[in-house]
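Input: a single structure, listed below in structure tokens.
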Amino acid sequence: ALAPGRAGTAPAAAGARFASTSSEQYDVVVVGGGPGGYVAAIKASQLGLKTACVESRGRLGGTCLNIGCIPSKALLHSSHLYEEATSHFKTHGIVINGEVKVDLPAMMANKAKSVEGLTGGIEFLFKKYKVDYLKGFGKLAGPHSVEVSLLDGGSETIATKNIFIATGSEPTPLKPVPVDNAKKKIVDSTGALDLPEVPKKLAVVGGGVIGLEMGSVWRRLGSEVTVIEYLDRIVPGVDGELGKTFLRVLKKQGMKFKLSTGVTSSKVNEADGTVSLTMAPAKGGDETTMDFDVVLVATGRRPFTQGLGVDALGLETDRAGRLVVNEHFQTKIPSIYAFGDCIDGPMLAHKAEEEGIACAEHVAGFAGHVNYDVIPGVIYTHPELATAGKSEEQLKEAGIAYKVGTFPFSANSRARAVMDSEGVVKILTEADTDRILGVHIIGPNAGEMIAEGVLGMEYGASSEDIARTCHAHPTLSEAFKEACMSASSQPIHF
């Protein structure tokens, strides 16, 4: 689960726009063709607004589809299948005569095929819904105009009543560990998706979503993975209890962790091609040095607004470089909107999509709205970790009295039958009303199961509402029902 697209990346391939002339005036011009941008463009056109979308990558889908969410999930699935074949097939009575090997070029080709099909599908949707597509770098030329440096040469300024900034984000650099994806030694998330061979030793700097997902990919394929995290815990922001459980699960799988540790310097050794990382305790102390074959820097992302013309128009940004917007996603210039990774909030593709739709609805005269209390977050390791709503720490800080209901997958019949029973469902409810305030899951298919919790919270459900709702048997979702029974009364099977 990575970021919306950005409009300022180096072009992957040149190309011409489908249809538009500078004499036309649009109702909406979207700068950025990632999940937030392309969804906003389609929705605006569906609502009867004349719409264009500007994207410099040469392919739609932004970071998410091209170098983020989609290719990483392809590799996560492929690597999971490999680990199943090498470690778990015998338990199911499946015996392979001969060696199971990783064909990395074929795995990468499968990843690329997935990306190509999905990005091409968005171009089809643009044609279907009559969204004009301009391939080029978009720059704000005024409150009602966008200058586009076209990938096939030349430039064009297009007039519009409203501008949507959906330029997404880029990896945050870490000064002691400068990234050079071309050399394949110190890489960011983009480089980690395209390594030419399985590194023997991989360091992951940062214990967040991206680092743990990509670390899982390469661990399954044979790497010895060490995660280096400055904080004293991984996945900060996740419910504390589940964060500890998640750490235990990943350690059990073979990942190594150096918590409360900062990286102070790095050096690529020309002689043997290794990378030396020098580290020190976060609270101070003696430095140590370790050598790795590849280092992945995954210390977060930052808004991408360089070259957009934000400063020239006087648009306000916060200390993190995010554009400041009001409740309708308008900047200080009312005709210019912004959403997704370039504004405050979690850097999630689905969050950007919801904001993009809300922007389009607002411009069309409707009441666009996003409920930030129920934005789900998923880490696509195995087992998956999925959360929505409040954590215990947040409820305590807010002084809200709450109850906790839990149910382990080890007591779920479907999970036991398929021998995939690691994890738990945790439900947090308001003590007086039983209204569900938070849902936190570690387990198989947690990323799909979280949708039931999001839907329940969106409509103000109590844990008893879900506990009294019939769930098919045998399914993993029964664990969700029983966790709700635990919160409202008592579970049956635990």
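Any value given below was found using the heavy atoms of this structure, including those in side chains, with hydrogens, waters and symmetry copies removed. Just so you know, these numbers come straight off a predicted model, no measurement behind them.
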*Quick one: are H350 and P35 in side-chain contact, heavy atoms under 4.5 Å?*
no

*Is a side-chain N or O of H471 found less than 3.5 angstrom from the main chain of T469, in a donor-acceptor match?*
yes

*asked:* Can a side-chain donor-acceptor contact be found between D291 and S276 if the only test is distance below 3.5 angstrom?
replied: yes

*asked:* I'd like to know if the side chain of E452 pairs up with that of S477 as donor and acceptor (distance under 3.5 Å, no hydrogens or angles considered).
replied: no

*Say whether Y372 and E355, considering side chains only, have a donor N or O and an acceptor N or O under 3.5 Å apart.*
yes

Residues 195-209 side chain polar contacts: donor-acceptor under 3.5 Å, at least two apart:
none

Atom pairs and distances, side-chain donor-acceptor, residues 250-263, under 3.5 Å, sequence neighbours left out:
{"residue": "K252", "atom": "NZ", "partner": "E422", "partner atom": "OE1", "Å": "3.4"}
{"residue": "Q253", "atom": "NE2", "partner": "H382", "partner atom": "O", "Å": "2.5"}
{"residue": "K256", "atom": "NZ", "partner": "E224", "partner atom": "OE2", "Å": "3.2"}
{"residue": "T261", "atom": "OG1", "partner": "L259", "partner atom": "O", "Å": "2.9"}

Run the side-chain donor-acceptor check on residues 101-118: report pairs under 3.5 Å with partners two or more places apart or on a different chain.
{"residue": "D103", "atom": "OD1", "partner": "A106", "partner atom": "N", "Å": "3.3"}
{"residue": "K111", "atom": "NZ", "partner": "L193", "partner atom": "O", "Å": "2.7"}
{"residue": "S114", "atom": "OG", "partner": "N110", "partner atom": "O", "Å": "3.2"}

_Carboxylate-amine/guanidinium contact E241 K426, below 4.0 Å_ = yes

*Any side-chain donor paired with an acceptor under 3.5 Å for T274 and D293?*
no

*Which residue, T289, T264, T288, forms the side-chain hydrogen bond (donor to acceptor under 3.5 Å, both in side chains) with T278?*
T289

*Would you say the side-chain atoms of H88 and E83 include a donor-acceptor pair closer than 3.5 Å?*
no

*For S169 and D341, does a side-chain donor sit closer than 3.5 Å to a side-chain acceptor?*
yes

_Counting only heavy atoms not in E458 (residues, nucleotides, ligands), do more than 12 fall under 6.0 Å from its CD?_
yes

